[in-house]
Peer 1: 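Got a structure for you, written out below as structure tokens; questions coming shortly.
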Amino acid sequence: MMIRTDLNIIQQWIHPTSRILDLGCGDGELLQTLAKTKGVWGYGLEIDADKITSCVARGVNVIEADLDEGLSQFSDNSFDTVVMTQALQAMRYPHLVLGEMLRVGKQCVVTFPNFGNWRARSYLLSRGRMPVTRQLSFQWYDTPNIHFCTVKDFEALCTEKRIRILHREFVAERLPDRYMKGIWPNMFSDTAIYHLSK
Amino acid sequence: MPDVIPENSVGIVTPQAIHFDEPLVLACGRTLDNYTLMVETYGALNADGSNAILICHALSGHHHAAGYHSMADQRAGWWDNHIGPGKPFDTNRFFIVCPNNIGGCHGSTGPISINPDTDQPWGPDFPPLRVRDWVESQARLADKLGIRQWAAIVGGSLGGMQVMRWALEYPDRLRHAVVIASAMKLSAQNIAFNEIARNAIRSDPEFCNGRYLEQQTQPRNGLGLARMIGHVTYLSDELMGNKFGRELRSGSFQRGQDAPIEFQVESYLRHQGDAFSGAFDANTYLLMTKALDYFDLAREYDHNPVEAFRHASCDFLVVSFSSDWRFSPERAAEIVEALIAADKNVAYTAIESNLGHDAFLLPNQRYEQVLTAYINRIAAEISSK
């Protein structure tokens, strides 16, 4: 689900009237909002049947697709921005998906849950079990989120893959995280939002 | 026919024969001086003519898409699941038009009609048709019905090909294109199956080089065999397995038993073939399968589907079915890919189904939900104007 704060942050990096591809577009809210506020135009890829129906009802251009199969149907640089919100951790090969995003899009926006947050750390440390949090409420064995990473992990991948980080923003809802996230994002942010390019 | 007509049925319907006197120049270069289209309509056209939906039928379809012809009618129209009050194609809100295409054998001008030049049935002399000829005749039907622009044109299989051709030929005459279980062109395998079916018809001694009506006979065996071949390709292996498995209809494998053995699937296929050959015309079958084979959406656009779809200005909904191997999801994905590259609005979904190609004709909750969501949007556009 898209949180208002995430949406506001993403919006500032999206150029008006640009061509957008939204990977894992859910019920189409982001595309519909960006169409209204920025006049963007584009497509969303989604795999969940009910979410696809919601997109159809909203009039969002939704294409049923499995992101793990790559984006071979799209040519290089065919979108101004490729967006993926809260789905990277559910990919079989997140690094390959990132590579595909940067091939198809001139720029990318990625958001993911930060597993380096102190709540996750303390959950594991104190209980010795895989963290089950409000934001990530699945048990380890049935979670769709199979590739968790931290802010540090993600930046290391960007360095390794020579991905340019244009902007980074961090979101935290609760206290004290809200005040601390700026000082120590990997410890206090719930969600990381990156604006990337090749 | 049930004793009581269901509330969500369009009820008793009466087809109308609409005659056209303006000559129709066909893609093959020949001309039909005049022709008749058998048409059914459901619902009412609104004041500004903005709520009309055209339904294009497939290979063996016809104008009778919904409702019943009489209280004695055994079966409702072929798309009765989807057309009616409160159904996806809601006749309370839309004016639905479904013609039998020319070349057909259900009342529109075709091989069983009388050729005015010879006073004999056209038979094999009926001009070969292409999908664009149907589109042309449907456009004239729209003129006659006072429909300048269709709210949507909808079709499955060969019907979907008509929808796509419409979008390219008359971009300003439709706002939405709904393309179901279709493809931009047939594969070699598809053409091969069609040729086997045609050969079955042609090799029936009763075919008489297509002049069987003049000889007062019918190539029923050949047509039945053609249908059996076609029918197998419209189903999935899984469905046939579930439905028939290796069940026997008669005979037994017990030792000492020599009564002939018949599998259920054999008897089922024979029944399908018999029923079809009693209700369909062999020359129409030849003509329709050839139109299918010849169709190639992008042929005139340098074989570039992106270039082809650049000519369209409507929005698209593309639907495929997971177990359809005759018009597979891969073929639908090609359509979608080209539409995206051509910057067209498109929604695409591959519906999970084990019913094969026939799924587009059959009930399926998810299929109905997607159609309903899309059609509701069209209705909202009309009422917000």
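To find a chain, count down the sequence lines: A is the first, B the second, and so on, and within it residues start at 1.
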Peer 1: Quick one, A:Tyr43 and B:Ile340 - any side-chain contact, counting heavy atoms below 4.5 Å?
Peer 2: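 In contact.
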Peer 1: For B:Glu337, is it the side chain, the backbone, both, or neither that has a heavy atom closer than 4.5 Å to a heavy atom of chain A?
Peer 2: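 Just the side chain, heavy atoms under 4.5 Å.
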Peer 1: Between A:Arg19 and B:Asp343, is the closest basic N to carboxylate O distance under 4.0 Å?
Peer 2: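 The answer is yes: the pair qualifies as a salt bridge.
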Peer 1: With only heavy atoms counted, which part of A:Ile52 is less than 4.5 Å from chain B, the side chain, the backbone, both or neither?
Peer 2: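 When you check distances to chain B, only side chain atoms of A:Ile52 fall under 4.5 Å.
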Peer 1: For the CZ atom on B:Arg299, are there more than 12 heavy atoms of other groups (residues, nucleotides or ligands in this structure) within a distance under 6.0 Å?
Peer 2: yes
Peer 1: What residue in A:Ala57, A:Ser54, A:Ala49, A:Gly42 has the most heavy-atom pairs under 4.5 Å with chain B?
Peer 2: A:Ala49
Peer 1: Between chain A and each of B:Arg377, B:Glu381, B:Glu352, count heavy-atom pairs under 4.5 Å; write down the option with the most.
Peer 2: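 Heavy-atom pairs under 4.5 Å are most numerous for B:Arg377.
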Peer 1: Given A:Asn61, which partner from the list B:Leu339, B:Val336, B:Asn345 fulfils the side-chain contact (heavy atoms from CB on, under 4.5 Å) test?
Peer 2: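 By the side-chain contact (heavy atoms from CB on, under 4.5 Å) criterion, A:Asn61 pairs with just one of B:Leu339, B:Val336, B:Asn345: B:Asn345.
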Peer 1: Inspect the surroundings of CG in B:Asn304 and state if more than 12 heavy atoms from other residues, nucleotides or ligands are less than 6.0 Å away.
Peer 2: yes
Peer 1: Considering only heavy atoms, which portion of B:Asp315 lies under 4.5 Å from any heavy atom of chain A: side chain, backbone, both, or neither?
Peer 2: neither
Peer 1: Counting neighbours of CG on B:Asp302 that are heavy atoms of other residues, nucleotides or ligands and sit closer than 6.0 Å, is the number greater than 12?
Peer 2: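 It does not: B:Asp302 CG has 12 such atoms or fewer within range.
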Peer 1: For the CD atom of A:Gln73 and the CD atom of B:Glu334, what is their distance to the nearest 0.5 Å?
Peer 2: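 That separation rounds to 12.0 Å.
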Peer 1: Can you tell me if CZ on A:Arg162 sees more than 12 non-hydrogen neighbours from other groups inside 6.0 Å?
Peer 2: no
Peer 1: Heavy-atom count check: over 12 atoms from other residues, nucleotides or ligands less than 6.0 Å from A:Arg164 CZ?
Peer 2: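 For A:Arg164, atom CZ is not crowded (no more than 12 foreign heavy atoms under 6.0 Å).
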Peer 1: If you count every heavy atom of other residues, nucleotides or ligands that lies below 6.0 Å from A:Gln12 atom CD, does the total exceed 12?
Peer 2: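 Counting neighbours around CD of A:Gln12, more than 12 heavy atoms of other residues, nucleotides or ligands fall under 6.0 Å, so yes.
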Peer 1: Minimum heavy-atom separation for B:Ala373 to A:Val56, with atom names?
Peer 2: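 For B:Ala373 versus A:Val56, the nearest heavy atoms are CB-CG1, 3.8 Å.
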Peer 1: Would you say that more than 12 heavy atoms from the other residues, nucleotides or ligands in this model lie under 6.0 Å from the NZ of A:Lys198, or not?
Peer 2: yes
Peer 1: How about B:Gln369 and A:Thr53: does a side-chain donor come under 3.5 Å of a side-chain acceptor?
Peer 2: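 Looking only at side-chain atoms, A:Thr53 and B:Gln369 do not form any donor-acceptor pair under 3.5 Å.
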Peer 1: Would one find more than 12 heavy atoms of other residues, nucleotides or ligands at under 6.0 Å from atom NZ of B:Lys87?
Peer 2: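 More than 12 within 6.0 Å, yes.
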